[in-house]
Amino acid sequence: MAQIFGSAGKSAFAMGDSRYDDMLSRIALPMLSLLLLIPVGYYMLTRGHFFWGVVVAGIYVVSIKSLEEAGLKLKKRIFHADTGAKAELAVAEALHKLPDDYFVFHDLEFSGFNIDHVVLGPNGIFLVETKSQKGNITKKNDILLRNGRKFFKDFLNQCWSQTYSLRDHLGAERLEGLSIKPILCFSRGFVEIRGPVRGTQVLNIRYLRPYILSQHGSLPAQTRDQIIPLLAAALSDQAAQPSPMVPQSQTGGIVCPKCFHERTQNDDLHFSAGECPKCGVIYAHVQTNSPHDSTSAQAATPKGLTTTLQALLSGQDSQHKQSATQQIQWTVLTLKFAACALAALLLIGAYKTMQATVTSIFTPPQANQPPSGGSSSSLPVIQAQPDPTRQGPSADFPLTHAVAAKDVKNAIPFVFQEDRGQNVILILFNPQSKKLILRACVRSREKLTSMLPEGEMAFLIVSGPSWGGFDELFGENTDTRKARTVLSSSPKQGTVSKFLASTNLLFQHGVPSSLSETKALVNNAFKPSSTL
């Protein structure tokens with residue numbers, strides 16, 4: 001089994017997690033915030049502000065649609081990252097079956113690029129780029145095709161770009177003329193190509209290990225041992241694992257793994273103990289020769305160096321790392337919970353603030369002047385009255401309720417307060433068509449709220465202390481008034497948000513109505529067959 005360094009697919013999994021976090025912060029939270037527009041739009045539509053209600057509804061629909069499209073794209077990118085990570089794991093499993101004299105490095109991070117796998121063997125250096133695309137992989141004029149179509153990206157050019165970058169990182173003088181062989185490996189695609197394409201070997205995962213073993217070449221052990229620390233220092237999981245050990249010279253001085261400069265005592269006076277004074281590289285670990293430390297003797301030899309590197313990178317301090325990881329996870333969970341609680345509070349506060357703002361914008365100060373012009377300009381308008389203290393309803397009279405006409409356009413909120421200490425029957429109807437607009441029963445000292453249309457209407461109010469039924473009304477003490485009035489949301493000054501009326505107010509504006517006429521109107525309004 002090959003000697004393994006690093007974790008395959010770590011960067012791809014991290015990329016998927018990052019995109020998932022983006023899904024929460026860029027898609028889920030904005031969608032939750034947009035839910036606040038629903039009550040705003042409903043408020044505007046039910047208060048007669050149709051235009052602004054449609055505007056809010058349009059903003060909501062467009063925003064949700066754009067967030068949905070962005071979420072689908074991000075979800076697809078998350079799926080690609082997870083699929084790529086699983087493909088790297090499958091390739092890593094195949095590379096692990098190489099013989100013991102092979103060294104496999106997974107997920108190498110360099111400035112501006114990432115290398116999936118690098119293999120050091122007695123027969124050379126191999127760079128493996130993993131792809132997870134399905135389908136039949138063919139070529140035409142040195143261009144790779146999948147199911148007869150070009151790929152969205154030039155994978156061959158990517159392989160060579162990484163090969164040249166790796167060669168520059170290792171150093172031409174250290175390679176001593178050795179070439180790095182690029183391999184493009186498809187974990188799920190069916191490769192129908194035989195032989196290299198533009199110098200890159202294109203393979204299916206089943207033929208990866210046999211191809212590496214079949215190659216002829218030579219990688220000197222001394223060169224291999226010089227390259228291993230450089231590749232180990234580039235592993236993507238360095239932050240989570242103990243760093244590779246810095247080699248030492250036979251005299252006990254620290255040797256830089258990049259430029260092989262041997263540190264002297266004079267260097268300790270001017271440079272920090274973890275920094276190379278020649279090239280500036282930061283030492284991962286400083287290992288000094290000590291009679292009490294047997295590891296330094298192993299690190300002085302090439303075989304001991306590779307063994308120490310592998311032991312360190314394979315998780316020798318797994319217990320310490322596990323406890324640190326658990327502590328970090330609990331910290332992250334606590335922060336996420338606190339963030340969710342804060343977001344909920346912000347949403348509640350934003351809803352309350354938006355509700356108050358919309359109410360203040362679309363509810364200007366009340367005006368009670370009648371509209372100018374027209375035949376009904378001289379008619380009285382319902383005036384606002386202070387709300388008296390409620391003293392309790394009658395037990396015999398029906399409960400306070402109202403039935404209003406359906407499909408009312410340009411509706412205005414209507415509030416009626418009983419302030420005479422008597423029970424009241426209130427009927428509003430169209431004076432021309434005699435169509436019933438509202439019928440209501442209001443108990444003593446209680447309040448009624450309903451919606452009425454704009455325009456001219458007639459009202460009939462019946463009041464009395466002792467209820468005798470719809471046939472007898474309030475008996476001899478029945479008091480009735482009738483009149484016409486105007487409800488308008490566009491008076492001379494401002495916009496009326498709602499109308500407040502009371503028993504005293506309507507009796508002041510009305511004229512007496514005969515008892516027979518009153519009974520006929522009440523029976524007609526409250527009979528079971530009557531419709532609004």
Side-chain angles (χ1 to χ4, degrees), residues 16 18-81 336 339-369 371-372 402-415 437-438 449-457 486-500 532:
S18 176
R19 292 173 180 175
Y20 180 78
D21 293 339
D22 288 344
M23 175 79 79
L24 295 179
S25 60
R26 295 169 50 191
I27 307 299
L29 289 180
M31 279 190 172
L32 290 176
S33 301
L34 286 174
L35 293 178
L36 296 175
L37 294 178
I38 296 178
V40 173
Y42 178 79
Y43 178 88
M44 294 179 181
L45 290 174
T46 55
R47 295 302 185 272
H49 306 288
F50 182 77
F51 173 76
W52 291 109
V54 171
V55 170
V56 172
I59 293 175
Y60 176 80
V61 171
V62 172
S63 301
I64 289 294
K65 189 66 177 178
S66 60
L67 287 175
E68 181 184 8
E69 294 177 356
L72 292 176
K73 292 180 180 178
L74 197 54
K75 181 180 179 181
K76 187 176 181 180
R77 294 181 64 195
I78 294 174
F79 173 77
H80 288 167
K336 287 184 177 180
C340 291
L342 180 60
L345 292 176
L346 290 176
L347 286 176
I348 295 174
Y351 172 77
K352 295 293 185 181
T353 303
M354 187 175 299
Q355 186 181 37
T357 303
V358 172
T359 303
S360 63
I361 292 176
F362 292 95
T363 309
Q366 178 177 336
N368 51 22
Q369 298 295 330
S372 59
V403 180
K406 300 179 181 178
D407 301 327
V408 174
K409 297 181 180 180
N410 300 327
I412 302 173
F414 173 73
V415 179
I437 298 175
L438 179 140
T449 302
S450 183
M451 300 293 293
L452 294 178
E454 290 184 278
E456 182 182 356
M457 62 183 64
V486 174
L487 295 183
S488 174
S489 62
S490 301
K492 292 182 178 180
Q493 298 178 354
T495 301
V496 175
S497 60
K498 62 182 178 180
F499 285 94
L500 277 73
L532 293 177

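Between Val56 and Leu37 the shortest heavy-atom distance is CG1-O, 3.5 Å. Considering all non-hydrogen atoms of both residues, Met451 and Pro413 come closest at SD-CA, 3.7 Å. Between Tyr60 and Ile38, the shortest heavy-atom contact is OH-CD1, 3.8 Å.
A 4.5 Å side-chain heavy-atom check between Leu452 and Ile412 finds every atom pair outside the cut-off.
Legend: residues meeting side-chain contact (heavy atoms from CB on, under 4.5 Å) with Phe50, ordered by chain and number and at least two apart, are Leu45, Val54.
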Under 3.5 Å, side-chain donor or acceptor atoms of residues 61-71 against the rest of the protein: list the pairs with distances, not counting sequence neighbours.
| from | atom 1 | to | atom 2 | distance (Å) |
| --- | --- | --- | --- | --- |
| Ser63 | OG | Ile59 | O | 2.7 |
| Ser66 | OG | Val62 | O | 3.2 |
| Ser66 | OG | Ser63 | O | 2.8 |

